[in-house]
Amino acid sequence: MLDGQQAWPDETSPQGPSAIELAERCLVRRIAERSLPAFDALYRDYHARLARFLERVTLRAVPVDELINDTMLVVWNRAATYNGQCKVSTWVFAIAYRKALKALKGVDEPVADDGAHLRPSDEAGPEEQRGQRELRAALLRAFDGLSADQRAVVDLTYFHGADYREIAQIVDCPVATVKTRMFHARRRLRALLSGSLEDWL
């Protein structure tokens, strides 16, 4: 399953893929036909999301822009292998996750990004609720206390809205393993966080 060579069962709704998903699949088909405009469009769509994800997983211990470029190079080279049996986002994030883990193997000690919680996020939805905003800010501050695997699970859950089955696809492990990683991550976060934020975990 390395570098997106294999897709997984579709996790879309019973009504079928959303309009956004269909548009992304169309872009991937065009990329497989070597369309540079399609690649540029997908790159722009995913750059900010991948940057946030990779920054949190790696704690910026490796150059994030290089990881994004490595990820999107795989998308360019392997677009023809994508068969639509999973979301495009699942496929792309799985590639990015593997690139991040590979890069972290060459890093002796991760460096915490102390300013991560100060950077604004442009994600909509739950962040409009005060409790979620506070939780996310606290999570970013506490991320350096987690392993890369735990950071990936927490980030995909709280910042990308992925469920355990989709996370299992992205990180290439059983759902039970995702649950175990989340359990240990939450236990660690509860020790690092204080007050009512513990109730959100």
Side-chain angles (χ1 to χ4, degrees), residues 1-5 7-8 24 27-28 31 39-79 82 86-127 135-164 166-173 177-178 181-182 185 188-189:
M1 195 179 293
L2 292 178
D3 290 339
Q5 295 180 50
W8 304 274
E24 289 187 349
L27 287 176
V28 172
I31 292 169
F39 178 77
D40 288 343
L42 195 71
Y43 189 101
R44 286 194 304 271
D45 287 346
Y46 275 85
H47 186 276
R49 293 160 62 189
L50 288 175
R52 288 190 294 271
F53 174 67
L54 291 167
E55 284 175 359
R56 292 164 186 157
V57 171
T58 66
L59 296 179
R60 304 190 76 171
V62 293
V64 169
D65 282 338
E66 288 183 17
L67 291 178
I68 295 172
N69 289 338
D70 289 347
T71 298
M72 296 308 293
L73 181 61
V74 173
V75 170
W76 173 259
N77 289 329
R78 303 287 177 87
Y82 175 76
C86 73
K87 294 179 184 177
V88 171
S89 60
T90 301
W91 182 63
V92 174
F93 273 85
I95 297 170
Y97 177 71
R98 281 160 187 72
K99 290 295 182 184
L101 291 187
K102 184 176 180 181
L104 284 174
K105 287 181 180 178
V107 177
D108 292 332
E109 294 183 14
V111 178
D113 181 12
D114 295 330
H117 65 285
L118 300 176
R119 286 192 298 275
S121 173
D122 57 4
E123 293 181 3
E127 285 189 0
L135 172 63
R136 291 179 182 201
L139 286 175
L140 290 175
R141 291 193 298 271
F143 259 30
D144 61 337
L146 304 178
S147 70
D149 287 336
Q150 291 170 346
R151 290 193 299 269
V153 171
V154 172
D155 183 73
L156 290 167
T157 298
Y158 289 102
F159 293 88
H160 296 279
D163 61 29
Y164 285 166
E166 187 172 2
I167 294 170
Q169 294 170 345
I170 291 171
V171 303
D172 190 22
C173 71
T177 301
V178 172
R181 290 176 184 174
M182 180 60 85
R188 177 63 178 152
L189 288 170

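These figures come from a predicted structure and were not determined experimentally. Index from 1, following the sequence.
- Not one N or O on the side chain of D155 forms a donor-acceptor pair closer than 3.5 Å with the backbone of R151.
- Two residues are said to be in side-chain contact when any heavy atoms from C-beta on lie closer than 4.5 Å; E166 and T157 fail this criterion.
- Contact record, A79 with W91: CA-CH2, 3.9 Å, taken as the closest heavy-atom pair.
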For L50 and Y43, what are the C-alpha separation, side-chain angles and deciding distance, and is it a side-chain contact (heavy atoms from CB on, under 4.5 Å)? CA-CA 10 Å; L50 288 175; Y43 189 101; over 6 Å; no
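- Contact between L104 and A61 at its shortest, heavy atoms only, is CD2-CB, 4.3 Å.
- Put simply, CD1 on I167 and OG1 on T90 are 10.0 Å apart, with the number rounded to the nearest 0.5 Å.
- In this structure, Y97 contributes its side chain and F53 its backbone to no donor-acceptor pair below 3.5 Å.
- The side chain to side chain contact (heavy atoms under 4.5 Å, CB included) test with D149 singles out one residue from L101, V57, V171, and that residue is L101.
- For R56 and F159, the positive end sits near the middle of the six-membered ring, less than 6.0 Å away and at most 45° from its axis.
- Taking the side chain as every heavy atom from C-beta outward, Q150 and V153 never approach each other to under 4.5 Å.
- Annotation: the span from R181 atom CZ to Y164 atom OH amounts to 12.5 Å, rounded to 0.5 Å.
- Closest heavy-atom contact between T71 and A96: OG1-CA, 3.3 Å.
- Ionic pairing of D172 and R98 is present here: one or more N-O contacts between side-chain nitrogen and carboxylate oxygen are shorter than 4.0 angstrom.
- Atom CG of L67 sits about 6.5 Å away from atom OG1 of T58, to the nearest 0.5 Å.
- The distance from the CG atom of L156 to the CE atom of M182 is 8.5 Å, given to the nearest 0.5 Å.
- With contacts defined as side-chain heavy-atom distances shorter than 4.5 Å, the pair R78/V74 qualifies.
- Closest approach of A185 to L146, counting heavy atoms only: O-CD2, 3.9 Å.
- In this structure, N77 CG and I31 CD1 are separated by 11.0 Å, a value rounded to the nearest 0.5 Å.
- Y82 OH to I95 CD1: the interatomic distance, rounded to the nearest 0.5 Å, is 11.0 Å.
- No side-chain heavy atom of S89 sits less than 4.5 Å from a side-chain heavy atom of H160.
- In this structure, the side chains of K99 and L54 stay at 4.5 Å or more apart for every pair of heavy atoms.
- At a threshold of 4.5 Å between non-hydrogen side-chain atoms, the residues Y46 and I68 do not count as touching.
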